[in-house]
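Each remark here refers to the structure printed beneath this line.
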Amino acid sequence: MAVTQTHPNKATAYQCQVDYALGKNPMSAPYLVGSNPNSPSNPHLALASAYVLYGGVVGGPDCNDNFYDIRRYWPETEISLDYVAPMLSIAAYSVLTNPDDPFYTSLQPGGCVPGFTEASMRSSTAYEH
């Protein structure tokens with residue numbers, strides 16, 4: 001996200017990015033594993049098949065803001081340090097500067113693409129690995 005007139009300073013722009021990643025997005029889904037009932041549960045990582053990787057940040061939604069929590073769709077579900085490290089820094093800054101509870105503590109379960117099933121995506125080759 002570029003700093004624009006909608007986000008006149010970097011701190012506001014960063015906070016908008018954190019809010020988006022934590023669930024203030026069209027799917028009301030946080031992209032942080034283990035933070036909410038809507039959190040991704042199928043990250044693209046071998047260890048994730050046996051353990052919940054609390055705090056891992058996945059790649060996030062496609063260009064239409066849809067997120068498919070399917071392990072084999074690695075562009076959306078892969079966890080990477082270059083996602084996690086900035087997220088922790090920005091989240092820590094927001095905790096230090098904002099005394100209110102974050103909005104995502106009140107997210108309700110849901111956050112899926114309407115009518116989506118894994119079977120409906122099996123014919124898609126867009127994310128074949």
Side-chain angles (χ1 to χ4, degrees):
M1 169 186 284
V3 177
T4 65
Q5 297 204 335
T6 313
H7 305 289
N9 63 54
K10 289 181 183 178
T12 304
Y14 297 154
Q15 188 60 52
C16 287
Q17 291 294 293
V18 169
D19 290 349
Y20 185 93
L22 292 176
K24 194 178 276 186
N25 56 56
M27 295 199 50
S28 295
Y31 300 113
L32 186 70
V33 176
S35 67
N36 186 276
N38 296 346
S39 293
S41 57
N42 296 299
H44 185 263
L45 197 63
L47 191 60
S49 59
Y51 301 98
V52 176
L53 303 175
Y54 292 102
V57 180
V58 297
D62 64 16
C63 62
N64 297 313
D65 270 336
N66 294 318
F67 176 76
Y68 303 102
D69 189 16
I70 299 173
R71 187 166 286 123
R72 70 185 179 107
Y73 296 131
W74 61 270
E76 295 175 16
T77 60
E78 188 164 59
I79 293 176
S80 179
L81 285 178
D82 58 337
Y83 307 147
V84 176
M87 181 69 167
L88 292 175
S89 299
I90 296 168
Y93 172 79
S94 102
V95 167
L96 291 172
T97 59
N98 188 353
D100 299 329
D101 281 341
F103 71 90
Y104 59 85
T105 59
S106 63
L107 284 176
Q108 299 299 310
C112 62
V113 176
F116 170 78
T117 63
E118 184 170 357
S120 69
M121 292 297 291
R122 286 182 199 219
S123 61
S124 171
T125 58
Y127 296 111
E128 290 302 316
H129 189 41

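The first residue of the sequence shown is numbered 1, and numbering continues consecutively from there.
The side-chain heavy atoms of T77 and I70, taken from C-beta on, include no pair separated by under 4.5 Å. With contacts defined as side-chain heavy-atom distances shorter than 4.5 Å, the pair N66/P61 does not qualify. With contacts defined as side-chain heavy-atom distances shorter than 4.5 Å, the pair S49/R71 qualifies. Counting heavy atoms from C-beta outward, M87 and L22 have side chains that approach closer than 4.5 Å.
Although no hydrogens or angles enter the test, the distance criterion places a donor-acceptor pair under 3.5 Å between the side chain of N25 and the main chain of A29.
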Notebook entry, point to check: Should S41 and D69 be marked as a side-chain hydrogen bond (donor to acceptor under 3.5 Å, both in side chains) after you check the CA-CA gap, both sets of side-chain angles, and the distance that decides it?
Noted result: CA-CA 7 Å; S41 57; D69 189 16; 3.1 Å; yes

Next item on the list: Please step through side chain to side chain contact (heavy atoms under 4.5 Å, CB included) for the pair I79 and V57, ending with a clear verdict.
Entry: CA-CA 6 Å; I79 293 176; V57 180; 6.0 Å; no

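Smallest separation of non-hydrogen atoms from V33 and P40: CG1-O, 3.8 Å. Closest heavy-atom contact between S39 and G34: CB-N, 3.5 Å.
Counted by atom type alone, N42 and Y68 present zero donor-acceptor pairs between their side chains at under 3.5 Å.
Interatomic distance, OG of S28 versus CG of N36, reported as 9.5 Å (0.5 Å rounding). Atom-to-atom distance recorded for Y31:OH and E76:CD is 8.5 Å, nearest 0.5 angstrom. Here the straight-line distance linking atom CZ of F67 with atom CG of N38 works out to 11.0 Å at 0.5 Å rounding. In this structure, OH in Y20 is found 9.0 Å from CE in M27, a value given to the nearest 0.5 Å.
No chain of hydrophobic side-chain contacts below 4.5 Å, direct or via other Ile, Leu, Val, Met, Phe, Trp or Tyr residues, connects Y83 to L81.
Enclosure of atom CG in L96 by more than 12 non-hydrogen atoms of other residues, nucleotides or ligands within 6.0 angstrom is indicated.
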